[in-house]
Amino acid sequence: MNEQLRELGPLVLGVLVRRGADFAAAEDAVQEALLEAVRRWSDDPPEDPFGWLVTVAWRKFLDTVRSDSARRAREERVVEEPAPGPSEQGDDTLLLLFLCSHPSLTPASAVALTLRAVGGLTTRQVAEAYLVPEATMAQRISRAKRTVGEHRLDRPGDLRDVLKVLYLIFNEGYGGEVDLAAEAVRLTRQLAASSDEPEVSGLLALMLLHHARRAARWAEDGSLVPLAEQDRSLWDTALVAEGVEVLQAALARDRLGEYQAQAAIAALHCDAPSTGETDWTQVLEWYDELLRLTDSPVVALNRAVAVGEADGPLAGLRALELVPASVPRRTAVAAWLHERAGDLAVARTLYAEAAGQATSEAERHHLTRQAARLAAHAP
Amino acid sequence: MAKYLLLKHYRGGPQRMPDGDVPMDRWTPEEISAHMGFMDHVADTLRERGEFVEGQALSPDGTFVRFDGEGRPPVTDGPFAETKDLVAGWMVIDVDSEERAHEAAAFLSSAPGPGGRPIREWIEVRAFLEAPPTVTE
């Protein structure tokens, strides 16, 4: 039943918000309705759970509005709201996602609110996933609700903000009982089902293609396995196939965007039986395309890696000169290119330096091992 | 979204603390109350912002211990070239950026001391190593 409630909660919230309910009050009302469902459904399950929840949540929302005289003005507005038409069963996921990704929220708040309001996770689950106390997460969510409440959604938000929040969730690694990457895939699937924007499909394809390689990214001892050394038989071929299919359909629309370009690069990696057989020339072409679309220094860094593979390490090092020194992982890429070019002593020093800059323990150990491997070439 | 450890040092950091050389036992009770009240205020502010993870104060007495070989007593403390540095307490925050972590640390460091002047205590800010992101290559 909890699984069902988790699926239904966000849909009910969407209906209330679309009917003109204030976001924070609607969220409270939905939570109350869900609690009541937990109490009553085991004895007396309704025939139409969704309808039951909408009715109860809407009643609870009106109760709150009516009991608060200071909110009289809003009550009138709500009462004047036109009766819901046949679109009542429509998918309001998109509307909720726009609200939860509002640019006035910090990234941390947007992510927390999205997981709670659209993902239907409990505050405890979101807190666990981000390894912070539940009270901290509760504060984050209620601040976010207040901020969103100040902005009435009178025009569609920017889809790019929504995609950014979903990608942030996907990138977060994983902790606690909730698998954030899987959750991000689930939400992006929902969004893709209610949007025909090719970039949404691009992001979904990108997530699926990365997700497919997940089992190969870690050795049994928990250490990081770089792409070149991954056991490709561990890649999830069904997810790869789905990702490629979603991507091809998106590319056929001929409205290229950065997520589609990134997914194309991921697809080329997934397509190769080994690193050596990767079509680096095509990968490089996609990076050129991506750089044109985003002008991001991180993309420029990844492009330098592709140049190193396609045209040799010296060309890669020249491409690297254009990347600002402050870009994360730049030193690690420099180390790798110097190693390929045969400057082993320089590479060793750079690996050690990169290890000091790593932001995760697995990455730091990996880079320290690379430096240790070249220890004989100590300057 | 990244976690940072804010470490309060008893004796200073890169340089001596400009105004914090008077040990707390020579402050007035009012000055101590004002200081403690401020520390609570910092934690409450961080809580309200959804940034507080945890924090504790530590005893000023610390002992350095290390393994000194099978069957031999542990080596404890000294010799120290100058004074040994000790940590007064710590706080863990979870914030959107390194700039925000520095801002929170500076706020913590502005706690009032003797005469109500900020003691400008050194706060060491260290990022937590976290799980690597799902996407790397």
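To find a chain, count down the sequence lines: A is the first, B the second, and so on, and within it residues start at 1.
- Contact tally against chain B (heavy-atom pairs below 4.5 Å) for A112(A), S109(A), P133(A), A266(A): the top residue is P133(A).
- Only the side chain of D96(B) has a heavy atom closer than 4.5 Å to any heavy atom of chain A.
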Take L129(B) and E363(A) through the test side-chain contact (heavy atoms from CB on, under 4.5 Å) and record every step on the way to the result. CA-CA 9 Å; L129(B) 292 176; E363(A) 211 174 304; over 6 Å; no
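- Both the backbone and the side chain of A108(A) come within contact range of chain B, each with at least one heavy atom under 4.5 Å from a heavy atom of that chain.
- In this structure, no portion of E54(B) lies under 4.5 Å from any heavy atom of chain A.
- Rounding to the nearest 0.5 angstrom, the gap separating the CZ atom in R140(A) from the CD atom in E48(B) is 14.5 Å.
- Counting heavy atoms from C-beta outward, M1(B) and L168(A) have side chains that approach closer than 4.5 Å.
- No side-chain heavy atom of R49(B) sits under 4.5 Å from any side-chain heavy atom of Q139(A).
- Of the atoms belonging to A358(A), it is backbone heavy atoms, and not side-chain ones, that fall under 4.5 Å from chain B.
- Only the backbone of T359(A) comes within contact range of chain B, judged by heavy atoms closer than 4.5 Å.
- Under the 3.5 Å distance criterion, the side-chain polar atoms of T136(A) are left unmatched by any main-chain donor or acceptor of G50(B).
- The closest side-chain heavy-atom distance from V132(A) to K3(B) is below 4.5 Å.
- Only the side chain of V111(A) has a heavy atom closer than 4.5 Å to any heavy atom of chain B.
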